[in-house]
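Okay, structure first, notes after.
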Amino acid sequence: MTTITQTTERIPEVPGLRPEQQEGRHCALCGRYLGAWARKLGGEQEWHGYVFQLWACSPQCPPRPISRRPPSGGHP
């Protein structure tokens, strides 16, 4: 018996992602570093002759994207 599951999860377009997200090092949805715990996000996507497999946080992404501002304090 074959079970087909439908996903309602939004899969972003490859051109709108940062290189780290396209390469699968960061989550394609929220931008966080993935490390060893990740899940495939949809199937492979092709863009300009390149094949991409997008990855997302596991089990679920945070509700909002992370801040892209550098942390306060630290280096002068």
Kindly indicate whether the side chain of [X], heavy atoms from C-beta on, has any atom under 4.5 Å from the side chain of [Y].
| X | Y | result |
| --- | --- | --- |
| C27 | W55 | no |
| C57 | L29 | no |
| Q45 | V51 | no |

**Study point:** Qualifying residues under side-chain contact (heavy atoms from CB on, under 4.5 Å), relative to E46, sequence neighbours excluded
**Key:** none
**Study point:** Partner set under side-chain contact (heavy atoms from CB on, under 4.5 Å) for P19, not counting sequence neighbours
**Key:** E23
Point to revise | Straight-line distance of Q22 CD to H26 NE2, nearest 0.5 Å | key: 12.5 Å
Review point. Which pair of non-hydrogen atoms, one from Q21 and one from L54, has the smallest distance, and what is that distance?
Key: O-CD2, 4.1 Å
Point to revise | Donor-acceptor under 3.5 Å (Q53 side chain, G42 main chain) | key: yes
